[in-house]
Amino acid sequence: MQAIILAAGMGRRLGEYTRDNTKCMVPVNGVRLIDRLLRQLEQERLERVIIVVGYKGRELREYIGHRYDGRLKIEFAENPIYDKTNNIYSLSIVKDRLQEDDTLLLESDLIFSDRLIPMILQHPYPNLALVAKYESWMDGTMVQIDDEQNIVNFISKAAFNYADAGSYYKTVNIYKFSKDFLGEKYVPFLDAYTKAVGLNEYYENVLRILSLLSSHDLKALPIGQEKWYEIDDKQDLDIAEALFADEQDVIRKYYGRYGGFWRFPQMLDYCYLVNPYFPSRRMKDELRANFDTLLTEYPSGMKVNTLLASKCFGVSEPYIVPGNGAAELIKVLMDISGSRGSEGAGAWGSENSSIAESNLTPPYPRTPTPPKIGFIRPTFEEYPNRYDRESQVTFVPQNEDYRYTADDLMDFFSDKDIRQLMLINPDNPSGNFIPKADVLRLAGWCGQRGIRLIVDESFVDFSRDYATNSLLSDATLEQYPHMAVMKSISKSYGVPGLRLGILASADKELIARIKKEVSIWNLNSFAEFFMQIYNKHEKDYQRACAKFVAERDDFEKQLRSIPFLRVMPSEANYFLCEVRKPYTASEIVIHTLKHHNILTRDCSRKPGLDPGRQYMRIAVRSHEDNARLVEALRELKTEN
């Protein structure tokens with residue numbers, strides 16, 4: 001068995017990374033692709049490795065030099081017109097050597113699991129292509145296979161049909177060919193094809209022709225959950241570095257992305273805090289049916305989107321402002337909270353503003369010491385991260401489950417000079433929940449003291465009495481004008497990709513000021529359309545919330561069966577769990593990610609949590625997904 005590596009390409013899409021080197025010289029987590037590949041090949045009993053070079057070929061030869069002497073016999077072939085040809089010509093250069101032995105054919109811009117080469121070499125069938133089930137990130141050659149794993153068709157880019165994508169597999173660009181197949185079929189067809197069509201083509205086109213002859217010479221070997229990536233551009237490189245990071249760095253590589261995990265094949269994201277049962281299929285179908293229009297038309301401005309938000313969430317227009325996700329509104333709200341002076345109660349209550357301050361002309365300057373805000377920790381850090389650290393007054397529950405009540409907050413803050421109190425209810429990550437009646441009692445207490453109460457109820461629809469727990473109604477807002485209610489629509493409505501959030505308050509001057517601070521076109525057309533059609537699907541949403549509560553109860557029982565987890569009660573769509581010996585939270589996160597492709601959240605370092613203990617936050621997903629996570633955790637228990 002010999003191996004042939006195609007490494008002649010220029011890799012233009014990698015920009016500065018390939019300005020002075022060919023693609024296989026690009027490092028991933030400090031290791032060059034060619035070194036990783038050659039290390040994997042030297043584990044096998046190969047007669048030789050032939051590397052076809054072109055762009056920066058001399059540099060690659062010099063780099064490899066004699067570093068693998070005694071371990072691999074390495075030969076080189078050169079494509080002198082690499083800038084005018086494609087990989088079919090690089091392969092045709094070594095067509096004579098192709099016919100001298102069984103051959104492993106690889107492309108040099110790949111990074112893949114150490115198990116893939118043994119997988120293909122140990123398989124008894126002589127002619128094989130490693131393939132992976134099609135994912136949205138994949139580009140290039142696709143194939144279709146029959147029940148006996150025969151490749152029955154190669155799908156070109158021009159022939160790709162998204163309606164058939166469920167039946168497609170992507171070639172991993174690792175092939176095994178027998179000497180007989182190469183000499184009797186592939187090379188003769190390669191010669192004929194290059195003469196008839198030219199050299200600026202792909203070697204897979206020859207395989208496509210052979211597959212159409214119904215000879216079933218080439219079979220597919222699906223790789224299942226094994227990791228691999230083809231590195232064509234900078235984003236590919238970034239993803240590959242996360243996929244193949246070592247244990248010391250893997251968590252930072254993933255957590256630092258803050259989402260976009262749909263780019264990672266088959267990964268279950270248990271940091272993902274959304275409703276697994278909404279939107280319904282009917283609502284998705286309606287969105288799909290209007291996709292072309294929504295993609296190609298401008299969204300409406302703030303006036304129309306405020307009207308839609310009012311209709312959708314049952315709050316009068318002067319009391320509500322929609323945002324590009326709650327994150328946009330959080331930033332503006334915290335900026336306003338940190339400014340001196342206000343339009344009405346825009347900063348921290350008009351009755352607390354002096355006459356001189358209230359006559360300031362916008363924009364209002366930030367002061368060295370902004371008004372103090374009360375925070376509860378552990379919590380969602382976006383709010384305190386947006387505010388001056390020296391002006392934060394923090395309450396931390398003094399119990400191991402991080403439970404607290406409205407009375408606890410009133411007792412603690414009664415002698416604190418705060419102008420605003422931030423409450424996330426249910427809280428993140430603790431899952432602590434204060435019933436609506438007690439929140440309103442807290443709101444009345446704040447109003448008597450000139451304190452604005454901000455309640456983030458992004459997770460309230462996951463609570464047991466979800467249908468009655470929301471504060472979003474004109475009557476409630478008008479009764480407590482010092483209260484503002486934030487809601488991320490991403491969470492309970494299951495649409496984080498839309499980037500939609502709302503802020504509501506009977507303080508019309510606050511709402512008006514926030515509307516001035518955000519862009520007139522702050523929502524995209526898909527978010528606008530979601531609000532337009534939501535009320536038609538509201539009953540489906542209520543059913544989804546009820547189904548979720550039942551699933552959370554079942555999942556809690558399953559998690560409590562894991563001996564190294566102490567699960568805390570939750571009214572949200574996640575559980576805060578203390579991790580007990582013999583494991584640490586990071587060990588569990590790394591194990592589930594590397595062995596089961598499940599990403600969980602280590603929150604041991606989150607402010608407010610006991611620094612002497614280990615904690616994880618585990619989201620609630622669908623029953624099938626939850627079962628997969630529980631099985632991974634039980635496996636860890638068994639291994640220990």
Side-chain angles (χ1 to χ4, degrees), residues 258-260 262 269 271-280 282-284 286-287 290 294 299-300 302 304-317 319-333 380 382-383 424-426 428 454-463 466-467 469-473 477 484-505 511 514-515 518-519 521-545 547-548 571-574 619-621:
Y258 298 103
W262 44 267
D269 178 12
C271 304
Y272 180 69
L273 304 179
V274 300
N275 192 333
Y277 302 116
F278 197 79
S280 63
R282 288 176 61 250
M283 190 176 204
K284 291 177 183 177
E286 187 165 1
L287 285 162
N290 291 274
L294 299 175
S300 302
M302 177 60 73
V304 172
N305 281 321
T306 297
L307 184 151
L308 288 172
S310 171
K311 173 183 77 79
C312 187
F313 301 105
V315 176
S316 294
E317 293 173 55
Y319 296 167
I320 193 167
V321 53
N324 181 20
E328 178 186 43
L329 301 175
I330 291 170
K331 180 183 183 301
V332 174
L333 182 62
F380 177 50
E382 185 68 11
Y383 287 97
I424 296 179
N425 194 47
N428 178 5
I454 300 174
V455 182
D456 188 319
E457 62 165 49
S458 295
F459 302 103
V460 77
D461 291 352
F462 296 115
S463 62
Y466 56 88
N469 279 337
S470 176
L471 302 172
L472 291 174
S473 76
L477 297 174
V485 181
M486 184 80 73
K487 193 178 187 99
S488 165
I489 307 308
S490 300
K491 309 296 191 294
S492 54
Y493 294 85
V495 288
L498 293 187
R499 306 309 307 133
L500 182 60
I502 56 170
L503 178 67
S505 176
I511 297 300
I514 291 176
K515 287 179 180 178
V518 300
S519 168
W521 281 298
N522 66 332
L523 299 190
N524 61 65
S525 295
F526 293 92
E528 176 182 344
F529 189 68
F530 176 88
M531 292 192 295
Q532 178 179 318
I533 67 174
Y534 165 73
N535 295 109
K536 291 192 293 182
H537 302 272
E538 193 165 6
K539 289 184 178 179
D540 288 335
Y541 178 66
Q542 291 168 355
R543 284 190 285 266
C545 291
K547 187 176 181 180
F548 172 84
E571 287 288 302
N573 65 331
Y574 45 83
V620 183
R621 293 180 58 112

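This structure is a prediction, so every number in the text was calculated from the model and none was measured.
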Subject >> Any H537 side-chain heavy atom under 4.5 Å of S280 side chain >> reply: yes
Original post:
Cut-off 3.5 Å, side chains only: do Y541 and S492 have a donor facing an acceptor?
Top reply: yes
Original post:
CG/D461 to CD/Q542 distance, rounded to the nearest 0.5 angstrom?
Top reply: 9.5 Å
In a table with atom names and distances, give each donor-acceptor pair under 3.5 Å that connects a side chain of residues 322-333 to protein atoms at least two apart or in another chain.
residue	atom	partner	partner atom	Å
E328	OE1	N324	N	2.6
E328	OE1	N522	ND2	3.1
K331	NZ	D335	OD2	3.1

Original post:
What are the two closest heavy atoms between A504 and L472, and how far apart are they?
Top reply: CB-CD2, 3.7 Å
Original post:
Could you give the distance from CD1 (I489) to CD1 (I502), rounded to the nearest 0.5 Å?
Top reply: 4.5 Å
Subject >> Shortest non-hydrogen contact from S525 toward P299 >> reply: OG-N, 3.2 Å
Original post:
When rounded to the nearest 0.5 angstrom, what distance separates CG in D456 from OH in Y383?
Top reply: 3.5 Å
Subject >> Modelled atom types, side-chain donor and acceptor of N573 and K491, under 3.5 Å >> reply: no
Subject >> Of all pairs that satisfy salt bridge (Lys or Arg N to Asp or Glu O under 4.0 Å), the ones with a partner from residues 528-537, not counting sequence neighbours >> reply: E286-K536
Subject >> Y574 ring center within less than 6.0 Å of F459 ring center >> reply: yes
Original post:
Rounded to the nearest 0.5 Å, what separation is found between the CZ atom of F380 and the CE atom of M486?
Top reply: 9.5 Å
Original post:
Run the side chain to side chain contact (heavy atoms under 4.5 Å, CB included) check on V315 and V485 step by step: do they pass?
Top reply: CA-CA 11 Å; V315 176; V485 181; over 6 Å; no
Subject >> Point-to-point distance, once rounded to the nearest 0.5 Å, from OG1 of T306 to CE of M531 >> reply: 8.0 Å
Original post:
V455 versus L471: any side-chain heavy-atom pair under 4.5 Å?
Top reply: yes
Original post:
Considering only heavy atoms from C-beta outward, does the side chain of N275 approach that of F462 to under 4.5 Å?
Top reply: yes
Original post:
Do you know which two heavy atoms are closest between P496 and G494, and how far apart they sit?
Top reply: CD-C, 3.4 Å
**OP:** Please name the pair of heavy atoms, one in S300 and one in N305, separated by the smallest distance, quoted to 0.1 Å.
**Re:** O-ND2, 3.1 Å
Subject >> Working for side chain to side chain contact (heavy atoms under 4.5 Å, CB included), residues R621 and D269 >> reply: CA-CA 9 Å; R621 293 180 58 112; D269 178 12; 4.2 Å; yes
Original post:
For S458 and S488, which heavy atoms make the closest approach, and how far apart are they?
Top reply: OG-N, 2.8 Å
**OP:** Search all heavy atoms of I511 against all heavy atoms of S505 and return the closest pair with its distance.
**Re:** CG1-O, 3.6 Å
Original post:
Does the ring centre of Y493 sit less than 6.0 Å away from the ring centre of Y534?
Top reply: yes
Original post:
Would F526 and R499 satisfy side chain to side chain contact (heavy atoms under 4.5 Å, CB included), going step by step from the backbone distance to the final call?
Top reply: CA-CA 9 Å; F526 293 92; R499 306 309 307 133; over 6 Å; no
Original post:
Between CZ of F278 and CZ of R543, what distance do you get to the nearest 0.5 Å?
Top reply: 10.0 Å
